[in-house]
Amino acid sequence: MLKLTPQDITLTAIAENKQEAIALIAERMVGDGLVEPAYQQGMLDREQQTSTYLGNGIAIPHGTIETRDLVRQTGLRVLRFPNGVQWGEDGQVVYTAVGIAAKSDEHLTILRQLTHVIADETLSRRLHTTENADEVRRILSGEALAGSFVLTANQVRLKSGADSYTELVALAGAVLWNAKALTQQELASVYTRNPFYLGDGIWVLSVSSQAENGAAAVVQPEQTLSLYGESLNTLIAISTHDNQHLPLLEKLTELKLEGGLKKLASCKRSVDVIRLLISQSLAGQQVVCPLPIAHGLHARPAAALARIAKQYDAEIWIENLDSDSPAVSARSVTKLISLGAQLGHRLQVTVDDAEADSILDVISKAITGGLGDPVVRISHETQQPAKTETVVEVLKPGDQVYGLTGAPGVAIAPAYVVSEPDYQFEHHAVSPEAELVRFHKALSAVSVDLKNKLEKTVNTELAQIISMHLELLLDPEMKQETEKFIAQGDSAEWGWNQSFEALASLQEQSQEVLLAERAIDIRDVGNRVLGKLTGQEGAGSIETDHVLVCQEIAPSEISELDANVKAVVTAAGGVTSHAAILARSLGIPLLVGCGARVLTMTDGTDVIVDCEAKVLTVAPDADTIAAAKATMAREQQLNEEAYKTRFEPAITTDGHHVEVMANLTAAKGVEKAVELGCEGVGLFRSEFIYMDHPQEPTIEQQQAEYARVLDGLGEGKPLIVRTLDIGGDKPLPYMPMDEEENPFLGLRGIRLSLRYPRTLIHQLHALLRAAAGRPLRIMFPMVTDIQEWRDIKALFDQVAADYPDAQVELGIMIEVPSAAMMADVFAREVDFFSVGTNDLTQYALAIDRGHPELSRQADSIHPAVLRLIDTTVRAAEEHGIWVGVCGELASDPLGAAILTGLGVRELSMSTRAMARVKAHIRGLSLKQTKELAQRALAAENSAAVRALSVSKGVDHG
């Protein structure tokens with residue numbers, strides 16, 4: 001093992017400048033036989049690339065990667081400069097320089113000890129002044145300095161609301177206080193400490209404490225700041241009383257040496273920050289294995305893995321790439337359990353031994369084989385279903401299978417079961433260079449395909465999904481992970497499959513059902529690339545009308561279905577998946593979550609798919625088919641008649657007008673909405689503008705999108721824009737939030753806008769500029785308290801002062817029960833209410849609307865939801881303002897009639913539903929709708945409301 005000795009240290013060196021100092025260090029290294037003379041130029045070149053100054057008078061000059069072949073023997077040489085050497089601008093004076101000559105990374109063991117001196121002024125002063133070379137060695141080697149340090153993802157705050165150094169320090173102090181790493185008296189001292197600049201925007205602040213714990217806080221400003229003439233994008237605040245912080249400081253030195261500080265500053269997840277700060281530089285060969293065990297790496301499989309590791313003399317390390325725990329020895333059962341590895345987590349195995357290939361092969365097979373536990377399918381290699389005693393019952397004629405409505409509609413046709421793709425490829429490859437070329441070529445080809453598809457589509461939902469898929473395709477982590485596998489000798493297919501399956505499996509484990517459903521999107525993108533790599537793109541289409549039956553369907557598959565597919569039935573999937581959203585927008589009936597039984601049908605079996613009743617009927621008899629066909633014919637006739645009158649307003653038989661508006665996600669959909677008869681846009685989901693950009697869109701970019709909608713609507717048609725509604729199911733990569741146990745009850749909607757007020761201010765400027773004096777309505781989501789509204793209104797007034805001619809109505813969304821119950825308070829200060837029935841239902845009934853079992857009970861027509869709407873309307877009428885509804889209830893003909901009877905003046909919905917709803921309202925009188933509404937309010941549950949007759953307001957039968 002490399003060690004620093006007193007003979008390697010010179011206590012009295014003199015240099016006029018950095019170049020002379022480096023020349024002295026290089027001369028000493030050459031004289032000791034460590035390097036060739038040309039290595040000196042490499043050290044100077046390194047300083048041009050990035051300064052090697054660490055802080056507190058310490059520098060670590062070393063050569064570039066290109067000059068490693070000039071190193072004869074790895075070693076360190078320390079030169080002390082008592083008079084100091086100017087190393088850089090802003091007073092960077094070096095008193096102790098540690099010169100590095102390294103063929104690879106074997107010097108890092110000592111260098112990781114260096115940084116404990118950086119944040120300790122007393123110790124660094126002692127380093128620079130002691131007359132004892134051995135004491136210098138002991139200080140630099142960290143002898144008698146040991147201890148652990150607590151640093152978890154809970155102590156990381158990415159892209160915080162802080163917009164000054166003082167606010168950053170306050171936030172860091174609060175994090176340390178919460179971690180019990182500062183006493184109350186010490187909290188104030190945080191502001192008095194001077195930070196030191198590590199490089200690449202990273203600053204470190206150290207505080208000596210007598211508190212219970214040692215800890216660190218990693219905080220980032222929303223935008224990069226400037227401090228003492230340098231950029232500041234990450235502040236690491238450290239509190240310690242017994243040198244427990246040393247491992248962190250050692251790691252920071254390693255990151256600086258390896259150029260990893262930029263990666264630290266660009267992390268998008270708190271756990272990724274921790275991984276960088278705790279991961280060890282392990283020598284040896286590596287392989288990454290997603291864990292296929294349902295209950296994670298618990299005691300039994302951990303013991304099995306430890307037994308395998310103990311068979312070898314080699315050092316074997318296991319690291320959980322999806323947690324904030326460090327690498328551990330594979331021989332320790334307790335350490336393996338401490339990794340906290342769950343299903344789908346990526347275990348990185350490192351072996352430093354001549355027999356590494358065979359050892360890695362044994363261990364990877366053991367892990368993918370479940371280590372004695374049943375295997376859960378998480379990749380194509382483990383695609384075979386685990387052995388189970390459960391027998392799936394084969395469907396028989398007349399059987400009915402219930403599912404969930406992914407998209408409405410009825411279809412009658414033969415069923416054809418389609419298997420999941422089975423891509424054939426080799427694990428290993430001969431030429432890594434050739435595999436990299438193939439991989440990059442496949443990525444490029446899929447990117448071109450998606451971009452061409454994006455340019456051609458006019459479907460706003462499809463456009464948003466394609467944009468998201470492009471972002472996934474270009475994700476640097478999946479790409480880098482694949483390249484790492486390829487460099488190890490794996491094929492491009494195998495490396496890519498491992499990378500995207502690991503990410504998809506991790507996504508599947510999300511406690512939020514809606515987020516878990518997004519795993520299919522990752523596999524959709526992954527399979528596109530696999531198809532390019534293997535040449536297995538697409539399958540032959542069925543030339544006759546049929547119902548497509550499959551395990552789960554991807555968004556791209558939905559978008560590419562031909563006219564012969566009359567409906568889709570899936571064993572898995574959810575109602576909030578992107579496939580379901582797309583199917584609704586394309587008018588393709590979709591029944592999801594039907595279970596494995598549907599996959600047992602014989603191809604060609606006639607079925608009835610009734611998504612309204614949420615049932616699949618197998619091999620129905622003639623009478624059942626006749627009844628279903630009559631229903632379909634009646635629906636088709638109603639649709640055709642409604643389309644002919646789509647431009648006529650929704651006016652009841654006794655003259656009451658209800659505005660029927662369109663829900664839009666992008667400006668490109670406005671022309672279609674107008675063509676289908678909209679009277680305006682009742683909900684423009686502005687968050688999709690933000691989701692289309694890798695960073696916050698500029699005011700000009702936003703303004704162009706809003707102006708396009710206003711121009712497309714033309715004069716007289718109103719536009720209602722919902723301000724940025726992010727959080728819950730719609731996170732943004734550049735507006736990161738701490739992980740929340742229940743994001744739907746956390747920072748979302750207006751709560752996030754108040755945390756990032758500048759983002760909202762920019763959006764308001766864009767809206768008012770786009771309106772250019774034209775009428776505009778703006779509504780704010782997720783408002784729960786009157787003070788939130790007043791804070792938002794103050795921000796709006798600040799912006800509106802620059803636009804004296806603005807014609808703007810301001811409203812709030814009624815999405816939570818508290819807002820509905822306090823509607824009388826809000827109605828005194830706002831211009832209108834817009835009820836978001838999707839969220840209002842979720843919160844009123846305490847049912848996640850994406851839950852695979854409970855979502856069918858989350859019916860917005862429930863009397864409890866209707867009563868909240870009624871309360872809102874009564875409060876609005878009392879104060880002379882109007883109420884609209886923009887949730888799915890508005891697009892339900894029965895719901896639209898009830899809402900009209902409750903006094904709702906505006907209904908906003910998907911463009912496909914507008915004509916039918918308008919025609920339905922034109923066939924009713926206001927009196928009928930009021931009677932219907934009162935009976936609905938008095939009903940005992942959703943089923944009782946659904947049993948009411950829309951036209952007569954009486955019970956069936």
Side-chain angles (χ1 to χ4, degrees), residues 638 641-642 645-663 676-683 718 720 811 813-814 820 823 827 832-838 840-841 859-878 880-939 942 944-955:
L638 290 173
E641 291 174 353
T645 60
R646 64 191 183 281
F647 295 119
E648 296 180 15
I651 300 177
T652 63
T653 57
D654 45 2
H656 178 74
H657 179 212
V658 178
E659 286 184 303
V660 175
M661 315 271 270
N663 292 341
L676 290 175
C678 79
E679 297 177 73
V681 172
L683 169 62
I720 304 177
M813 295 194 69
I814 304 295
F832 66 92
F833 291 139
S834 183
V835 182
T837 56
N838 297 349
L840 185 60
T841 302
D859 192 342
S860 296
I861 214 164
H862 193 286
V865 180
L866 298 179
R867 291 184 185 186
L868 289 171
I869 297 173
D870 183 57
T871 298
T872 302
V873 173
R874 300 287 79 77
E877 290 176 342
E878 182 179 346
I881 67 173
W882 58 272
V883 178
V885 170
C886 58
E888 290 186 8
L889 185 61
S891 62
D892 181 337
L894 173 60
I898 293 173
L899 292 172
T900 300
L902 290 176
V904 172
R905 301 300 300 269
E906 177 252 9
L907 302 173
S908 190
M909 62 201 71
S910 65
T911 54
R912 296 182 61 86
M914 293 187 301
R916 280 291 299 271
V917 169
K918 291 170 76 173
H920 187 68
I921 291 174
R922 286 196 297 265
L924 302 171
S925 68
L926 181 60
K927 180 181 178 181
Q928 284 177 306
T929 64
K930 286 183 176 181
E931 291 174 351
L932 177 64
Q934 292 307 306
R935 293 176 66 82
L937 291 174
S942 300
V945 178
R946 291 286 179 196
L948 294 173
S949 170
V950 178
S951 59
K952 299 179 181 179
V954 298
D955 294 331

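You'll find the side chain of H657 reaches within 4.5 Å of the side chain of E679, heavy atoms only. Two residues are said to be in side-chain contact when any heavy atoms from C-beta on lie closer than 4.5 Å; L894 and L932 meet this criterion. Under the 4.5 Å side-chain criterion, counting only non-hydrogen atoms from C-beta, L638 is in contact with R916. Residues L907 and I921 are in side-chain contact: their nearest non-hydrogen atoms beyond the backbone lie under 4.5 Å apart. Within the 4.5 Å cutoff, side-chain heavy atoms of V945 are placed close to those of P863. Contact annotation: the side chain of R946 approaches that of D892 to within less than 4.5 Å [non-hydrogen atoms, C-beta and beyond]. Within the 4.5 Å cutoff, no side-chain heavy atoms of V658 are placed close to those of V917. Between P718 and M661 there is a side-chain heavy-atom pair separated by less than 4.5 Å.
If you take CD1 on I814 and OG1 on T837, they are separated by 12.5 Å, rounding to the nearest 0.5 Å. Once rounded to the nearest 0.5 Å, the distance linking OG1 of T900 with NZ of K930 reads 11.0 Å. Rounded to the nearest 0.5 Å, atoms CD1 (I720) and OG (S908) are 7.0 Å apart. Expressed to the nearest 0.5 Å, how far NE2 of H656 lies from NZ of K927 amounts to 16.0 Å. Distance check: L926 CG to I651 CD1 gives 12.5 Å after rounding to the nearest 0.5 Å. Separating the CZ atom in F832 from the CZ atom in R905 is a distance of 15.0 Å, to the nearest 0.5 Å.
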Handout entry: Stepwise side-chain contact (heavy atoms from CB on, under 4.5 Å) check, R867 with H862
Key = CA-CA 9 Å; R867 291 184 185 186; H862 193 286; over 6 Å; no

Exercise for the section: Determine, stepwise, if the pair L937 / L902 fulfils side-chain contact (heavy atoms from CB on, under 4.5 Å). Expected result: CA-CA 9 Å; L937 291 174; L902 290 176; 3.8 Å; yes

Handout entry: Chi angles and distances behind the side-chain contact (heavy atoms from CB on, under 4.5 Å) call for S891, R912
Key = CA-CA 9 Å; S891 62; R912 296 182 61 86; over 6 Å; no

Exercise for the section: Begin with the C-alpha distance, continue with both residues' side-chain angles, and end with the deciding distance and a verdict on side-chain contact (heavy atoms from CB on, under 4.5 Å) for M914 and R646. Expected result: CA-CA 8 Å; M914 293 187 301; R646 64 191 183 281; over 6 Å; no

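Scanning both residues, F833 and I881, for their nearest heavy atoms gives CE1-CD1, 3.8 Å. Considering all non-hydrogen atoms of both residues, A876 and V883 come closest at CB-CG2, 3.4 Å. Across every non-hydrogen atom of A662 and T911, the tightest pair is CB-CG2, 4.0 Å. Taking every heavy atom of both residues into account, S942 and D859 meet most closely at OG-CB, 3.6 Å. T841 approaches S860 most closely through the heavy-atom pair OG1-OG, 2.8 Å. Of all heavy-atom pairs spanning V660 and A650, the tightest one is CG2-CB, 3.8 Å.
Judged by distance alone, the side chain of K918 and the main-chain N or O of G677 form a donor-acceptor pair under 3.5 Å.
Shown are D870, T929, I869, I861; of these, the side chain to side chain contact (heavy atoms under 4.5 Å, CB included) with I898 is made only by I861.
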